[in-house]
Engineer: 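One structure, as structure tokens, below. Some questions next.
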Protein chains: 2
Amino acid sequence: MNESIDILIIEDDEAINRLLCSIVKRSGYHPKPAYSGTEAMIYLEQRRWDMVLIDLMLPGMSGERILEEVTAAGDCPVIIISAKLETQSKINALRGGADDYITKPFDVEEVSARIDSCLRRYGGRTVEKQPAEINYKDIRIVPEAKQVTVNNKTVKLTAREYDILYLLVSSPGKVYAKADLFERVWNEPYYGDDNTINVHLSHVRNKLYEANPDETYIETIWGMGYKMNS
Amino acid sequence: MNESIDILIIEDDEAINRLLCSIVKRSGYHPKPAYSGTEAMIYLEQRRWDMVLIDLMLPGMSGERILEEVTAAGDCPVIIISAKLETQSKINALRGGADDYITKPFDVEEVSARIDSCLRRYGGRTVEKQPAEINYKDIRIVPEAKQVTVNNKTVKLTAREYDILYLLVSSPGKVYAKADLFERVWNEPYYGDDNTINVHLSHVRNKLYEANPDETYIETIWGMGYKMNS
DNA sequence: GAAATTATTAAATCAAACCTTAAGAAAAGC
DNA sequence: GCTTTTCTTAAGGTTTGATTTAATAATTTC
């Protein structure tokens, strides 16, 4: 039920892309950065996106071109983010199927508000705010403080470990394939041949075990992935 | 719950003024239309406003002139709404103390979002009232006097340093990501690779340390942000 | 039981995040 | 205008976490 909302961010300027990603993330969505038009097209063909943010001036393939492709393909909302101030550019984009148009330099709050409102218009998808606290069995996570306690003991996790646990705990019972997990936590594509996940999972399990040896929290679904034991 | 937020709308075109009023109203604020510069000045002298929207081309008295008056008078947020597309006009307005600049034709949602975001930025000053005093451990902050004492010693902080400490102290335990912190203190977007936060944090820590070497106040949560040690 | 997949562990390397200092730039105060 | 304060930038150094590697152990599936 609580599926992640994935937003593709097409912007060649690295700093701005990073900023947009952080805005998206902070609103509770999942950003995926693309740094050129051609890179973006690869992701667009790969899967469905809940929203696309497009910078108009791009290397490889213009933003206008991408907008065409996206709108031709279907019903994915698009927000243009551009330095082009001319009304004509704005009108073209909106006529061309964009849902909104933000000019640079933009205001952080504004971007956030527009993304929310756009997703709302597209219906169904309610904006879920970060909960004050998640509990599962005797695991308690307070996102605001990035704090985790298990069995009433504080568990000190690194950022990665925290992200993993947070993901699993936020939908107990759901099986996360390694690739899913990797892409969510690391925000980069998963190339299969990686032991990193195993090691990190091991660390998480260890720390959970230290806090409460009587309980097994993370279960391995053989050949499929991991989930919180329910 | 909130007392009403009054917004003065200075726009000579009756239709546009009506539209702006309805936008403001729909956002839950209280609009007051003014149709000329001179009329606006009367209202401005009468009372305090939570925000002013100004059209630049006005009969009676130019928008630029009004902007001067408003900013000279105090800390009321101003949004310029204008048909003037030139960057120069925009720059002049923003330099002159305007908080935002929207070009006509404008998007209803955009105006609404910008008003919201602007009020939010000004929030501390106009809407929410500050507590008389914040205490945490042996830190005492008196916001009205911008005064900080630690361990009963007065600590002299610069404006930025004060803002940082204030933010952290006002919700101890909460982890502030660098981006959050930066945006709240500097009021501008954070582009990731900046160490001015580090430097300022270092300064704050130093000063706290000088006042009380036995206590560690600000904790670094690696990869996540900073928080008051609890 | 054999093969494939996953776990665990520790050590070594690497990279990112962070801290501090100092000096130049900008702003504020006199 | 000059001085002082504050802010920012840059550079070098430190710490911490992430990753890789590898060797061994445990599971599951067939």
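Within every chain, numbering begins at 1; the chains are lettered A, B, ... in the order of the sequence lines, protein sequences first and strands thereafter.
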Engineer: Under a 4.0 Å N-O cut-off, is there an ion pair linking A:Arg184 with A:Asp163?
Structural biologist: no
Engineer: Does D:dT19 have OP1 or OP2 under 4.0 Å away from a side-chain N or O of A:Trp186?
Structural biologist: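 True: A:Trp186 side-chain N/O within range (under 4.0 Å) of D:dT19 OP1/OP2.
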Engineer: Nearest-Å distance, CD1 (B:Ile197) to C1' (D:dT9)?
Structural biologist: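 Rounded to whole Å, this separation is 15 Å.
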Engineer: Once you round it to whole Å, what is the distance between C1' of C:dT21 and NE2 of B:His200?
Structural biologist: 15 Å
Engineer: Starting at the 5' end of DNA chain D and moving along, which residue's nearest nucleotide shows up first, A:Glu161 or B:Ala159?
Structural biologist: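 Closer to the 5' end of DNA chain D: B:Ala159.
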Engineer: Hey, is NZ on A:Lys25 packed in by over 12 heavy atoms from elsewhere, all under 6.0 Å?
Structural biologist: no
Engineer: Distance-only, no hydrogens or angles: does the A:Asn17 side chain make a donor-acceptor pair with backbone N or O of A:Ala34 under 3.5 Å?
Structural biologist: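 Flag set: sc A:Asn17 to bb A:Ala34 pair under 3.5 Å.
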Engineer: So if I define the base as every atom that isn't primed, P, OP1 or OP2, how would nucleotides 4-15 of chain C read as a B/S/- string at a heavy-atom cutoff under 4.0 Å?
Structural biologist: -SSSBB------
Engineer: What is the distance from CG of A:Leu157 to P of D:dA18, rounded to the nearest Å?
Structural biologist: 10 Å
Engineer: Nearest heavy atom decides the nucleotide; on that basis, is A:Arg160 or B:Thr158 closer to the 5' end of DNA chain D?
Structural biologist: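 The residue whose closest nucleotide sits nearer the 5' end is B:Thr158.
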Engineer: Is A:Lys207 salt-bridged to A:Glu210, cutoff N-O under 4.0 Å?
Structural biologist: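 No, this pair does not count.
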Engineer: Could you tell me the separation between the OH atom of A:Tyr190 and the P atom of D:dT19, rounded to a whole number of Å?
Structural biologist: 13 Å
Engineer: For the aromatic rings, using the six-membered ring if either is Trp, is the centroid distance between A:His200 and A:Trp186 under 6.0 Å?
Structural biologist: yes
Engineer: Calculate the interatomic distance between A:Arg18 atom CZ and C:dA16 atom C1'; express it in whole Å.
Structural biologist: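 Taking atom C1' of C:dA16 as the reference, CZ of A:Arg18 is at 12 Å.
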Engineer: Are A:Lys32 and A:Tyr43 in a cation-pi setup, meaning NZ or CZ lies under 6.0 angstrom from the ring centre and within 45 degrees of the ring axis?
Structural biologist: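 Flagged: A:Lys32 positioned over aromatic ring of A:Tyr43.
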